[in-house]
Structures are given as structure tokens and as C-alpha cells.
K.L.:
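Submitted below is the structure of interest, expressed as C-alpha cells.
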Amino acid sequence: MYKYFPHTQSDINTMLRKVGIESLDDLYAEVPEEVRFKGDYDLPEAKSELEVRQTFDRLCQRNQVLTVFAGAGVYDHYTPAVVPNIIGRSEFLTSYTPYQAEISQGTLHYIFEWQSMIAELTGLDIANASMYDGCTATAEAVLMANANAKKTNRVLVSEAVDPRVLDVVRTYARFHGVEIVTIATRDGQTDKADLDRLLGEGSVAGVVVQQPNYYGQVEDFTGYADAIHAQKGLFIVNSPALYLSVLKTPGEWGADIAVGDGQTLGIPMSYGGPYVGYMCCTEKLMRKMPGRIVGMTKDNRGQRVFVLTLQAREQHIRRQKATSNICSNQSLMALWATIYMSVMGKEGVKEAALASYAGAHYLAQQLVATGRFKLTYGGEFFNEFCVDYDGDTDQLLGRLAQQGILGGVKVGGHTLMMAVTEKRTKEEIDQLVTLCGKEETV
């Protein structure tokens, strides 16, 4: 009757005898009768494969697919068709944490490639594999700075960092005894004067900034590294991975640790995940880095092999002493991003970033030209920017949604933050501008 069930009645009886009971009901003998569910489950009757597909098709048709002009940390970038095709292979989907290097060469190889590509993007020496997302990667970097400090547990975080990142940092910090102090912003960017004031008070383990920052602004970090290092603190830069292909890298800014989210590397938005975080650091800090590091060496026959490097035994069997426990899914998403970068190539990755930049600047110019918007901040921006609208932002966003457009993220009373990626066409941008320029109807 249930031909797809893996166990026959004979199999079940054998297992029951092995554990010393007579029926499956005996497995629940210790569960009190009063808490047992006695009714029928609210489930549909059994359906054929065709009926199941039709049911889910009807559910899918209830979704409203929108043209996305929203960002705020998650962006609608193009995914080459080959990426999900390759990553769907069973040897990748079923791979587990590579405890035994001698039988995990394929997994270790692609982790090594991920590390190599991310290190090149960030301009730093060492990359790990990998973090859950950009938020937790940043929080782990804060803990690294705290562990590196000798006499302080104070870390400064710019208020121009994504609020969700700051929330996660504060949560980690609370339970690790780290004091988080925020640096004020001015005109949508980190206030260098306030940073200097806080550094002047001494006792700083690290400083966290974001590039581009939460408001889309491209900040100038000239002098930051020297000022922070003078206080023996670590300079931490958070960035979406894709945009580092054209922006000045954290390594060029003198950062000690680079962190961020790899979602921009072709990972679909997927209702919020799964994504993948990255972390890179200088060689000096590599022994304090959480997660895994894969290295390349030679075996006793002179062949190239890959191994887990600098791994404490605690990572696997004494979890309470481990620096981190990042496992299989993050390797899978790191593979996704690695295939994306391999397929796109260096020039393709740059083209995607530059097309996003060009589209955002075209949209900003056209919105301002309607007379109903003005740029909120005066600095340079990349593919995301804030505008002040002279009307009701909630009504505008609702009107755009009715026309199939996700028009941005509301970040203030009359302020919208809009993002553009290489997927947005000129026709889509012009349609958005036309709708935004219309008078509101009551």
C-alpha cells in the first residue's frame, strides 16, 4: 500500500524486538494520555503526482512577483542557470563537514577555491569557509577584536552600519562581555570627528564600518587604519562581496578584518536565505579566526592534496571550547558563490557591479528631475541611495506594488532607500520614474 516507505513490516518487527518492545505505540508509553493528540490531522487526502503539482501551481499563482528596487542588504542580482544546476548534484547537496580530509578532497578543493577568490576580492591574506551570513561574520569579527585586545573590551561600531548587523553584534557582545559604543553619523556617513573623539578616550579593541554603508554611501576611510592601530585596535570593514570588485578593497584601506555577505554573488533573495558570510584577515590574525581554513599541500606521492589547516580539536569534539561551529550548509552556499565567480569571471563580476552603479545613478537623476524627489545625502553612492519624497511614502510604495514594483525601503518619514542591480532594465527604471512622478490620488 505504501510502496515508497523504506521499511517493511518485517523490518519494523525486527527493530522492535531489538529494542525490547512489542509495538510502535510502546515508544510513547511514557507520554501521558492527557497530552496525546487524539483527533484527525488537518491534512488533505492522498493525491496523485499530477494533483500535487496542480495544487502547488495554484498556490504559486497567488504570489505577486515584483520588480525589485529594494536593497538594504539583500539585492536582486542575476544567477547564471549553470549555478543551481551544478549545485543540485547529489555529491554537493549531501556532502557533510569534511572531518576526514583523505575522503573529502572534492569538498576541500572547492572551499580552497572560495577562500582564494574571497581573499583576492578583499585584498587580505587569509579567508575562512565560511560564515552563516554577513551579520554573524561581523559579530565574529568583533569577538576576534576583543580576543586580540589585551586591556579592553570596547568596540566602536559606526551608526552607518546596517541596523540588523548592529543588532546581531550587540547580541553576541552581550553574552561575551564586549562593550559596544556607536560612532555618530553626519550626512549619512561615519562622523570622523566623533571617531577621533572616541579613539582619543583610549581603550579600543576594534572599529567596525561598512562600505558602501547602510544608506548606500561610499565612504572615505583615509587615515582610519592609522588612527585605530595607534590605539592597538583592529580595523573591521563590512562590505557586500560583489561591489569589492570595483571599489577600493578593505586591504587597500588598511583593514585587519574584512567581513560581509556573499549574497550579491548570484545567490537569490529566497525570502531571506540561506546566504553565506565571508571573513578575511591579515596573516597575523589567522589563528584567531573562527570557522575552517583549507590549505593545499602534497601527499607522500607528491600529489596535490587539500587539508584542514590550523584546526583545533575542539572544533569537532569539544564544542563548548570551539571558536565557532560552522558546518555543511555554509560550504554549500560558498560553493554557489564560487561557481558564480568562476562562470562570470573577473570581468563579468565587474560588469555586474558597474551596471548596478550606472542604473542607480540613472534612476537617481530621473527621480530628481520629476521635481518630487531630492537626494537625502550629498556624498557619493554606489548602487543604492536615499531620496526624500514630497508626498506620502507609504501611499507611493503601495501604488508601486499595485503596478508590480517593489519601490524601495522606507527608512524615515519621507525618506526612501532605492537600489538597482544589473537585472533592472532602462524600461523598468523609466516605468518606476513615471509612476513616482504622478500626483497622488486620495
Side-chain angles (χ1 to χ4, degrees), residues 73 124 128 131-186 188-215 217 219 221 223-239 250 253-261 277-282 284-291 314 319-326:
L124 286 171
N128 71 2
M131 316 305 293
Y132 290 119
D133 54 27
C135 297
T136 52
T138 308
E140 294 275 10
V142 166
L143 298 186
M144 280 180 66
N146 183 59
N148 185 69
K150 302 296 184 184
K151 300 179 181 179
T152 182
N153 64 343
R154 185 165 166 257
V155 174
L156 311 181
V157 183
S158 171
E159 289 182 351
V161 166
D162 188 325
R164 292 165 300 182
V165 173
L166 184 53
D167 285 345
V168 173
V169 167
R170 282 177 167 148
T171 299
Y172 272 56
R174 175 186 174 191
F175 294 100
H176 287 82
V178 181
E179 179 189 1
I180 300 298
V181 179
T182 56
I183 309 165
T185 58
R186 177 179 294 182
Q189 298 193 19
T190 307
D191 186 346
K192 181 63 163 55
D194 194 48
L195 171 62
D196 289 340
R197 177 185 66 81
L198 292 169
L199 289 173
E201 295 174 358
S203 300
V204 173
V207 175
V208 182
V209 296
Q210 184 172 322
Q211 180 78 310
N213 69 26
Y214 176 65
Y215 305 107
Q217 297 281 291
E219 298 200 30
F221 297 133
Y224 277 48
D226 290 341
I228 295 164
H229 293 156
Q231 295 297 325
K232 302 192 183 306
L234 299 182
F235 184 26
I236 302 166
V237 178
N238 175 302
S239 298
W253 286 119
D256 302 286
I257 306 174
V259 290
D261 210 297
Y278 71 83
M279 175 183 281
C280 296
C281 68
T282 59
K284 180 181 177 182
L285 294 170
M286 65 182 178
R287 291 185 179 275
K288 291 183 170 63
M289 177 181 276
E314 284 79 5
R319 297 187 62 175
Q320 71 276 13
K321 293 184 177 296
T323 54
S324 181
N325 283 282
I326 311 297

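These values consider heavy atoms only, across backbone and side chains, with no hydrogens, waters or symmetry-generated copies. Because the structure is a prediction, the values reported are computed rather than measured.
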K.L.:
So do L234 and I257 actually touch side chain to side chain, heavy atoms under 4.5 Å?
P.N.:
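Heavy-atom side-chain distance check passes, below 4.5 Å.
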
K.L.:
More than 12 foreign heavy atoms under 6.0 Å from CZ of R197: is that the case here?
P.N.:
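Yes, the 6.0 Å shell around CZ holds more than 12 heavy atoms from other groups.
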
K.L.:
Quick one: sort the W253 and F221 rings into parallel, tilted or perpendicular, breaks at 30° and 60°.
P.N.:
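W253 vs F221 ring planes: perpendicular.
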
K.L.:
Apply side chain to side chain contact (heavy atoms under 4.5 Å, CB included) to residues N146 and V142 and explain how you reach the verdict.
P.N.:
CA-CA 6 Å; N146 183 59; V142 166; 5.6 Å; no

K.L.:
Can you find a pair of side-chain heavy atoms, one from P290 and one from M279, that are under 4.5 Å apart?
P.N.:
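Yes - at least one pair of side-chain heavy atoms lies under 4.5 Å apart.
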
K.L.:
If you measure from CD on Q211 to OG1 on T190, what distance do you get to the nearest 0.5 Å?
P.N.:
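If we round to the nearest 0.5 Å, Q211:CD and T190:OG1 are 9.0 Å apart.
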
K.L.:
Do Y214 and E159 make a side-chain contact, defined as non-hydrogen atoms from C-beta onward lying under 4.5 Å apart?
P.N.:
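No; the side chains remain at least 4.5 Å from each other.
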
K.L.:
If we only count heavy atoms from C-beta on, is the V204 to T152 side-chain gap below 4.5 Å?
P.N.:
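The answer is no, as the side chains (C-beta and beyond) never meet within the 4.5 Å cut-off.
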
K.L.:
Between I236 and A145, which heavy-atom pair has the shortest distance, and what is it?
P.N.:
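Between these two residues, the closest heavy atoms are CD1-CB, 4.2 Å.
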
K.L.:
Rounded to the nearest 0.5 Å, how far does CD of Q231 lie from CD of E201?
P.N.:
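Nearest 0.5 Å value for the CD-CD distance: 10.0 Å.
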
K.L.:
Quick one: pull up CG in N148 and CZ in R287 and give me the separation to the nearest 0.5 Å.
P.N.:
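So the CG of N148 and the CZ of R287 are separated by 14.0 Å.
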
K.L.:
In the structure I gave you, are the side-chain heavy atoms of T138 and D162 within less than 4.5 Å of one another anywhere?
P.N.:
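Answer no - side chains too far apart.
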
K.L.:
For a quick test of reading the model, state the closest non-hydrogen atom pair linking A173 to I180 and the distance between them.
P.N.:
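So the minimum-distance heavy-atom pair works out to CB-CG1, 3.6 Å.
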
K.L.:
Give, for atom CG of L143 and atom CZ of F175, the distance between the pair rounded to the nearest 0.5 Å.
P.N.:
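The CG atom of L143 sits 12.5 Å away from the CZ atom of F175.
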
K.L.:
So, taking the atom named NZ in K288 and the one named CE in M144, what distance separates them when rounded to the nearest 0.5 Å?
P.N.:
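Answer rounded to 0.5 Å: 8.0 Å.
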
K.L.:
Using a 4.5 Å cut-off on heavy atoms from C-beta on, say whether the side chain of D256 contacts that of L285.
P.N.:
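They are in contact (side-chain heavy atoms under 4.5 Å apart), so the answer is yes.
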
K.L.:
Look up atom OH in Y278 and atom CG in N238, then write down how far apart they are to the nearest 0.5 Å.
P.N.:
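That separation rounds to 6.5 Å.
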
K.L.:
Hey, does the side chain of N153 reach the backbone of G177 with a donor-acceptor pair shorter than 3.5 angstrom?
P.N.:
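Checking the backbone N and O of G177 against the side chain of N153, a donor-acceptor pair under 3.5 Å is found.
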
K.L.:
Check the pair L199, L156 against side chain to side chain contact (heavy atoms under 4.5 Å, CB included), reporting the backbone distance first and the verdict last.
P.N.:
CA-CA 9 Å; L199 289 173; L156 311 181; 4.2 Å; yes

K.L.:
Around atom NZ of K192, are there more than 12 heavy atoms of other residues, nucleotides or ligands at under 6.0 Å?
P.N.:
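Counting neighbours around NZ of K192, more than 12 heavy atoms of other residues, nucleotides or ligands fall under 6.0 Å, so yes.
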
K.L.:
Does some side-chain heavy atom of L166 sit less than 4.5 Å from a side-chain heavy atom of T182?
P.N.:
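Side-chain contact under 4.5 Å: yes.
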
K.L.:
Any heavy-atom pair between the side chains of L198 and D194 that's under 4.5 Å?
P.N.:
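Contact flag for D194/L198 side chains = yes.
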
K.L.:
What's the shortest heavy-atom distance between C281 and M289, and which atoms?
P.N.:
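Distance-wise, the nearest heavy atoms are SG-CE, 3.2 Å.
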
K.L.:
Treating N213 as the side-chain partner and G188 as the backbone partner, does any N or O pair qualify as donor plus acceptor under 3.5 Å?
P.N.:
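Flag set: sc N213 to bb G188 pair under 3.5 Å.
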
K.L.:
Looking only at non-hydrogen atoms, find the nearest pair between V259 and A141 and report the distance.
P.N.:
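The pair with the smallest heavy-atom distance is CG1-CB, 3.9 Å.
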
K.L.:
Evaluate side chain to side chain contact (heavy atoms under 4.5 Å, CB included) for Y224 paired with V237, printing each intermediate quantity in order.
P.N.:
CA-CA 11 Å; Y224 277 48; V237 178; over 6 Å; no

